[in-house]
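Just so it is clear, the model here is predicted, and its values are computed rather than measured.
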Amino acid sequence: MRLRIQRSALPRNALILTDTPRPDCRVCDGWGGIEHHYGDYDTGEYAGTDWEPCDCWHESRRWLLLPLPGLPRWLRLRRRDADPWATGDYSDEPPF
């Protein structure tokens with residue numbers, strides 16, 4: 001088992017310990033699974049991809065390490081896309 005720390009956003013912000021695929025696996029080459037592309041039977045065009053997990057990795061192995069606090073309310077209400085240096089909503093400087 002190869003473990004790494006990740007940040008999870010759902011169902012809440014937390015640090016979790018997850019299992020990773022074995023990098024020297026001969027079946028999946030360290031990707032954790034095998035992709036199978038398939039086409040439409042009538043037209044022969046690409047229709048999607050199925051993913052088959054490899055035995056070297058278990059995607060459901062996760063352990064909660066530390067729940068992370070959420071943002072304070074005053075940070076959540078701020079507009080993140082607003083330019084702090086702009087004079088207002090309209091600018092007469094190029095580009096218009």
Q: Checking E45 now: which residues fulfil side-chain hydrogen bond (donor to acceptor under 3.5 Å, both in side chains) with it, not counting sequence neighbours?
A: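 Listed in chain order: nothing, the list is empty.
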Q: What distance separates S8 OG from L65 CG, expressed to the nearest 0.5 Å?
A: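 The CG atom of L65 is 11.0 Å from OG of S8, to the nearest 0.5 Å.
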Q: Inspect the surroundings of CG in L66 and state if more than 12 heavy atoms from other residues, nucleotides or ligands are less than 6.0 Å away.
A: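 Yes, enclosed.
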Q: Do R22 and C28 have side chains that approach each other closer than 4.5 Å (heavy atoms only, starting at C-beta)?
A: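 R22 vs C28: side chains apart.
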Q: Under the side-chain hydrogen bond (donor to acceptor under 3.5 Å, both in side chains) test, which residues partner Y41, sequence neighbours left out?
A: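 For Y41 there are no side-chain hydrogen bond (donor to acceptor under 3.5 Å, both in side chains) partners, ignoring immediate neighbours.
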Q: Side chains of L3 and W63: closer than 4.5 Å at any heavy-atom pair?
A: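 The answer is yes, as the side chains (C-beta and beyond) meet within the 4.5 Å cut-off.
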Q: Check whether any side-chain heavy atom of R12 lies under 4.5 Å from a side-chain heavy atom of L64, and answer yes or no.
A: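 When only atoms from C-beta onward are counted, L64 and R12 do touch, with a gap below 4.5 Å.
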Q: Applying the 4.5 Å side-chain criterion to the ILVMFWY set and letting contacts propagate, would L68 and L17 be lumped into a single cluster?
A: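 L68 and L17: one cluster.
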Q: If you measure from CD on E35 to CD on E52, what distance do you get to the nearest 0.5 Å?
A: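 Reported value, rounded in 0.5 Å steps: 11.5 Å.
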Q: Share the residues that join Y38 in a hydrophobic cluster, the rule being Ile, Leu, Val, Met, Phe, Trp or Tyr side chains under 4.5 Å apart at the heavy-atom level.
A: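 Members alongside Y38: none; it stands by itself.
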Q: Below 4.5 Å, heavy atoms only, C-beta onward: do P53 and E59 meet side chain to side chain?
A: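 A side-chain contact under 4.5 Å is absent here.
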Q: Can you confirm whether D55 is buried at CG, in the sense that more than 12 heavy atoms of other residues, nucleotides or ligands lie under 6.0 Å from that atom?
A: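 No.
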Q: Distance check, rounded to the nearest 0.5 Å: I34 atom CD1 versus D50 atom CG?
A: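 I34 CD1 to D50 CG: 12.0 Å, rounded to 0.5 Å.
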Q: I'd like to check T18 versus R61 (side-chain heavy atoms, cut-off strictly below 4.5 Å). Are they in contact?
A: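 No, their side chains stay 4.5 Å or more apart.
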